[in-house]
Amino acid sequence: MSSEIHASYLIIGAGVFGASTALHLAKKYLPPATDEPIKIILVDRPVVPYHTSASQDQSKVIRADYAGPLYTRLALEAKHLWRSDSLYKEIYHETGLIWADMNKTNFAKDVIANYQHLGIVEDDNDAKYRLVPPSEIRRLHNGLFSRADLDNIDEIFLNASSGWVEANKTLQNVIDAAVCTGVVKHIEAEIARLIFDDDGHVCTGAQTVDGQIILLIESVPEIPELHVGSRLSAAGLITGILRLSQNEASQLRSAPAFLFAGGKSQENELKITCDISFTNTVEIFSKVYVSMPPEDCMSTYSVLSAEMNRALAAVRESILGDGTRNHSFEDRRICWDAITPDQNFIISAHPHCRNLFIATGGSFHAWKFLPILGKYVVQMLEDRLDPDLAQRWFWNRDFSAGAANERMMPVRELTDIGQ
Ligand SMILES: Cc1cc2nc3c(=O)[nH]c(=O)nc-3n(C[C@H](O)[C@H](O)[C@H](O)COP(=O)(O)OP(=O)(O)OC[C@H]3O[C@@H](n4cnc5c(N)ncnc54)[C@H](O)[C@@H]3O)c2cc1C
């Protein structure tokens with residue numbers, strides 16, 4: 001038996017885009033009217049955060065280091081809230097961040113030029129950045145990185161005003177804060193399909209796999225222009241957790257996060273990420289291909305277990321030397337994010353369907369914007385997004401400029417791992 005729920009907004013996905021939107025949207029409807037049905041429904045697959053969700057993680061890096069002004073400005077806007085808002089400040093740790101660019105790209109120099117262009121000089125409270133020699137990194141924190149593989153690097157970018165955040169805890173806090181307003185109802189369910197009006201140009205709701213209908217009536221068009229095409233692809237990164245001794249953990253706790261390949265979290269855990277991404281391309285309709293996480297992630301992990309271990313161990317040793325060799329990895333998984341060809345987000349109305357809006361495309365860098373993403377999604381819903389942002393995040397924009405950070409683009413398929 002199917003049942004029906006009515007709402008003004010249905011948000012599918014409680015990752016950083018969905019959760020932040022729920023909270024920002026809810027604030028517009030406070031205090032809740034007692035005689036009205038629930039305004040906003042936030043749906044995600046049980047149990048939130050779902051294990052293939054990009055936003056689910058032990059920790060995420062918070063930085064404003066970009067080669068262009070837009071995301072730096074947004075990251076600084078978010079950082080202000082990471083530092084000051086009671087929802088975030090206890091779980092944000094401003095330990096600094098090291099970028100060790102093994103590929104010797106111009107990234108660090110571009111980041112510095114961008115800061116200077118924005119009038120943010122070295123030692124600014126917002127960005128205490130410096131280029132330092134590897135010898136200085138090796139001396140940091142009583143020689144924590146003394147055995148890091150930095151031999152081929154001349155200069156390393158260090159930003160003391162970046163940091164990391166306890167990701168799962170923060171995401172749950174934001175969802176709880178949204179629900180606490182009384183305007184948002186959070187439902188754990190998987191959406192099976194969207195529901196459209198008869199000609200397919202108005203989205204009227206969605207149906208869960210259990211048959212529950214959210215919003216109005218049905219009809220399922222097969223309309224090619226509604227499809228995602230090549231705008232969004234799921235790309236995966238291998239991550240794993242090292243459990244440390246009390247001593248090791250206390251040495252690491254205040255140490256900077258280490259990019260391109262690290263992260264941290266609490267309770268004696270060190271998160272390691274391999275930053276070479278891959279896709280999992282499947283045929284969803286005849287000759288229509290999309291990259292999406294495998295249906296059965298758990299059996300994929302067990303098939304790839306040895307390869308995942310090898311990849312993680314190589315990263316661990318290139319940062320810490322073989323000092324943590326005795327610890328095996330726990331919670332190994334593939335973290336999937338939706339990437340766009342130019343790595344800008346998609347925050348846009350669907351041009352071919354009324355009532356259908358898309359906010360995603362984090363492209364491996366959206367987490368840090370959690371405090372402000374919803375604000376921009378609400379501006380898009382109300383058609384008052386700054387024209388430059390609206391163009392940059394539009395569903396039908398020109399993607400031909402290519403990726404801003406080429407090295408994070410997938411270069412292989414999941415099936416290539418281990419071959
Ligand atoms: C390994 C890794 C490390 C990263 N590190 C950082 C970092 O340090 N700093 C940073 O800023 N960014 C980082 N990112 C990027 C960031 O995590 C993502 O860009 C961001 O979390 C994407 O958020 P989202 O809401 O678009 O997607 P998600 O978090 O994936 O949320 C989408 C949600 O939709 C739900 N969903 C999907 N289909 C359905 C359905 N049919 N029914 C119901 N629910 C559904 C999913 O369960 C999921 O929870 C990293 C990404 C990865 C993969």
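As the structure lists them, so they are numbered: ligands from 1, and atoms in each ligand from 1. By convention here, the first residue in the shown sequence is residue 1.
When the salt bridge (charged side-chain N to carboxylate O under 4.0 Å, His left out) test is applied to Arg73, no partner is found at least two apart in sequence or on another chain.
Using a cutoff of 4.0 Å between basic side-chain nitrogens and carboxylate oxygens, Asp197 and Arg354 are not scored as salt-bridged. At a threshold of 4.0 Å, the pair Lys169-Glu90 does not count as salt-bridged, since none of the basic side-chain nitrogens sits closer than that to a carboxylate oxygen.
The aromatic rings of Trp395 and His350 sit tilted, their planes meeting at an angle between 30° and 60°.
Note: an N/O pair closer than 3.5 Å links Ala54 and ligand 1 by distance alone. Considering backbone and side-chain N/O atoms, Val16 comes within less than 3.5 Å of an N/O atom of ligand 1. For a threshold of 3.5 Å applied to N or O pairs, the pair formed by Ile191 and ligand 1 contains at least one separation below that value. Annotation: Asp57 places no N or O atom under 3.5 Å from an N or O atom of ligand 1; distance criterion only. Polar contact with ligand 1: absent for Leu237 (N/O pair, distance under 3.5 Å). The distance criterion of under 3.5 Å between nitrogen or oxygen atoms is not met by Thr273 with respect to ligand 1. Residue Ser55 has at least one nitrogen or oxygen atom sitting less than 3.5 Å from a nitrogen or oxygen atom of ligand 1, judged on distance alone. Among the atoms of Trp336, none of the N or O lies under 3.5 angstrom from an N or O of ligand 1. At least one N or O atom of Arg45, backbone or side chain, sits closer than 3.5 Å to an N or O atom of ligand 1. Any N or O atom pair closer than 3.5 Å counts here, and Trp367 shares at least one such pair with ligand 1.
Of all the listed residues (Gly15, Gly362, Gly18, Gly13), Gly13 holds the heavy atom that lies closest to atom 34 (O) of ligand 1. Summarising the contacts of atom 8 (O) of ligand 1 with Val165, Val61, Ile339, the nearest heavy atom is found in Val61. Here the shortest heavy-atom distance to atom 11 (O) of ligand 1, taken over Arg63, Lys368, Met292, belongs to Lys368. With atom 1 (C) of ligand 1 as the reference point, the heavy atom nearest to it among Ser59, Cys274, Cys335 is part of Cys335.
Near Thr239, the atoms of ligand 1 lying under 4.0 angstrom from a non-hydrogen atom of the residue are 1 (C). Set against the non-hydrogen atoms of Thr360, the atoms of ligand 1 under 4.0 Å away are 26 (O).
The proximity of Ile62 to ligand 1, defined as any non-hydrogen pair under 4.0 Å, does not occur for either the backbone or the side chain. The backbone of His365, and not its side chain, has at least one atom closer than 4.0 Å to an atom of ligand 1 (non-hydrogen atoms only; backbone = N, CA, C, O). Only the backbone of Ala189 comes within 4.0 Å of ligand 1, counting heavy atoms alone; no side-chain atom from C-beta on gets that close.
Here the closest heavy-atom approach between residue Val174 and residue Ala19 is recorded as CG1-O, 3.7 Å. Across every non-hydrogen atom of Ala54 and Cys335, the tightest pair is O-SG, 3.7 Å.
Using modelled atom types and a 3.5 Å distance limit, the side chains of Asp275 and Thr273 yield no donor-acceptor pair.
A donor-acceptor pair under 3.5 Å is formed between the side chain of Trp82 and the backbone N or O of Lys368. Between the Tyr115 side chain and the Glu122 main chain, no donor and acceptor come within less than 3.5 Å of each other. With Gln207 contributing its side chain and Ile195 its backbone, the two residues share no donor-acceptor pair below 3.5 Å.
For an aromatic pair to be called close, the ring centres must be under 6.0 Å apart, and Phe345 with Phe369 satisfies this.
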task: Take Gln343 and Tyr71 through the test side chain to side chain donor-acceptor pair (under 3.5 Å) and record every step on the way to the result.
output: CA-CA 11 Å; Gln343 294 163 337; Tyr71 290 100; over 6 Å; no
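For Ala235, the heavy-atom gap to ligand 1 stays at 4.0 angstrom or more.
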